[in-house]
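Down below is the structure, laid out as structure tokens.
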Amino acid sequence: MSVILDNPVELFPSRNTDEVAIVIRGVYKQVLGNPHVMESERLISAESRLANGELTVREFVREVAKSDFYRSRYFESCAPYRFVEVNFKHLLGRAPQDQAELSSHIRLCIESGYEAEIDSYLDSDEYQAKFGENIIPYYQGAQSQVGSKQVGYNRTLSLYQGYAGVDSAFKGSRLVDEVASNSGGKIVLPSKGGRLGISPDATTKTFKILVKGAKFDSPRRVSTTEYIVPGDRMTPQIQRIHRAGGKIVSITEVA
């Protein structure tokens, strides 16, 4: 049994209506995680600007990734680990390479905000080299990537759920164990239902958050503080730390 991932789809300057429609559907499917998009949820203005040549595919991807649809399903409803791993999947077509890469994006999101986290993928050299301005991001897991470790291949396939899978159905991280332990994980190919095996849910685990900054009870005192937090309480704890002016140094699994 093999996994056939999506092939590149590019929008050329000589576009016609049908080609634009294919690209729009493709961007929604890839960036939103294979959802059912209702008519009221479509970005009609952005679609029109893409059709008129006012937006490149990359900028249309940016509009979709910053939409209320994406924000509500992946940022507001998911644990931080899950939010970052789907950003990698949807916008770069791969899984996070290691704990350092994953943690750096969590810190970016906490310190600079949701939009800065999205921009970091779309404005990266990696995105430009892979997709340029007019190719829809696509999954790279079925291909060996130059300069990438074998473990990246395994992890990307762990995120891939086949054509029937919907990413917003999963709120917890699928890779937290593998990335934290720097292990490759076992590849489980899609079942007849189209989904891959599920990695343990991060919400059932416990994490240590190391914070440098002001203490809640004494804003003038700067110190390093550790918080031991259940996975299902990470998001509100991170929000409290951020509001108090603390800087998150690291997030590691402890149990």
Next item on the list: Give a yes-or-no answer on whether the side chains of Tyr28 and Glu41 include a donor-acceptor pair shorter than 3.5 Å.
Entry: no
Notebook entry, point to check: Should we say atom CG of Asp125 is surrounded by more than 12 heavy atoms from elsewhere, each under 6.0 Å from it?
Noted result: no
Check: Can you list the steps and then say if Ser124 with Leu92 is a side-chain contact (heavy atoms from CB on, under 4.5 Å)?
Finding: CA-CA 10 Å; Ser124 67; Leu92 291 181; 4.1 Å; yes
Margin query: Contact between Val23 and Ile136 at the side-chain level, heavy atoms closer than 4.5 Å - yes or no?
Written below: yes
Margin query: Taking the side chain as everything from C-beta on, heavy atoms only, tell me whether Ser67 gets closer than 4.5 Å to Val31.
Written below: no
Next item on the list: Check the angle between the aromatic planes of Phe131 and Tyr127 and answer parallel, tilted or perpendicular using the 30° and 60° thresholds.
Entry: perpendicular
Next item on the list: Side-chain contact test, heavy atoms from C-beta onward, threshold under 4.5 Å: evaluate it for Glu126 versus Arg94 and give yes or no.
Entry: yes
Check: Do the charged groups of Arg49 and Glu63 touch, with an N to O distance under 4.0 Å?
Finding: yes
Next item on the list: Could you tell me the separation between the OH atom of Tyr139 and the CD atom of Gln30, rounded to the nearest 0.5 Å?
Entry: 4.0 Å
Check: Does the side-chain contact (heavy atoms from CB on, under 4.5 Å) test come out yes or no for Glu101 and Val84, once each step is laid out?
Finding: CA-CA 10 Å; Glu101 188 174 54; Val84 170; over 6 Å; no
Next item on the list: Kindly determine whether Asn134 and Phe12 satisfy side-chain contact (heavy atoms from CB on, under 4.5 Å), including the steps that lead there.
Entry: CA-CA 7 Å; Asn134 285 302; Phe12 295 99; over 6 Å; no
Checklist line | Heavy-atom check, side chain of Leu50 versus side chain of Val27, under 4.5 Å | finding: no
Checklist line | Shortest non-hydrogen separation from Leu108 to Ala116 and the atoms involved | finding: CD2-O, 3.8 Å
Notebook entry, point to check: Does some side-chain heavy atom of Phe83 sit less than 4.5 Å from a side-chain heavy atom of Glu117?
Noted result: yes
Notebook entry, point to check: How far apart are the closest heavy atoms of Ser77 and Ser72, and which atoms are they?
Noted result: OG-O, 2.6 Å
Check: So how far is it from Arg25 CZ to Glu47 CD, rounded to the nearest 0.5 Å?
Finding: 10.5 Å
Check: So, for Leu55 and Arg15, which heavy atoms are closest and what is the spacing to 0.1 Å?
Finding: O-NH1, 4.4 Å
Checklist line | SG on Cys78 to CZ on Arg73, rounded to 0.5 Å | finding: 11.0 Å
Next item on the list: Could you tell me the separation between the CG atom of Leu102 and the CZ atom of Arg107, rounded to the nearest 0.5 Å?
Entry: 10.0 Å
Notebook entry, point to check: Would the number of heavy atoms belonging to other residues, nucleotides or ligands and lying under 6.0 Å from CG of Asp68 be above 12?
Noted result: no
Next item on the list: Indicate yes or no for a side-chain donor-acceptor contact from Asn52 to the backbone of Glu54 under 3.5 Å, with no hydrogens or angles considered.
Entry: no
Check: Does the side-chain contact (heavy atoms from CB on, under 4.5 Å) test come out yes or no for Asn87 and Phe75, once each step is laid out?
Finding: CA-CA 10 Å; Asn87 289 343; Phe75 178 63; over 6 Å; no
Checklist line | Ile44 side, atom CD1; Glu39 side, atom CD - distance, nearest 0.5 Å | finding: 5.5 Å
Notebook entry, point to check: For Val61 and Pro137, which heavy atoms make the closest approach, and how far apart are they?
Noted result: CG2-CD, 3.9 Å
Check: So do the side chains of Val64 and Phe60 get within less than 4.5 Å of each other, counting heavy atoms only?
Finding: yes
Next item on the list: Taking all non-hydrogen atoms of both residues into account, name the closest pair between Arg58 and Leu122 and its distance.
Entry: NH1-O, 3.0 Å
Check: Does the side chain of Tyr227 come within less than 4.5 Å of Val211's, by heavy atoms?
Finding: yes
Note to self: In the structure I gave you, are the side-chain heavy atoms of Tyr121 and Phe88 within less than 4.5 Å of one another anywhere?
What the structure shows: yes
Notebook entry, point to check: What's the spacing between His90 NE2 and Ile118 CD1 if we round to 0.5 Å?
Noted result: 10.0 Å
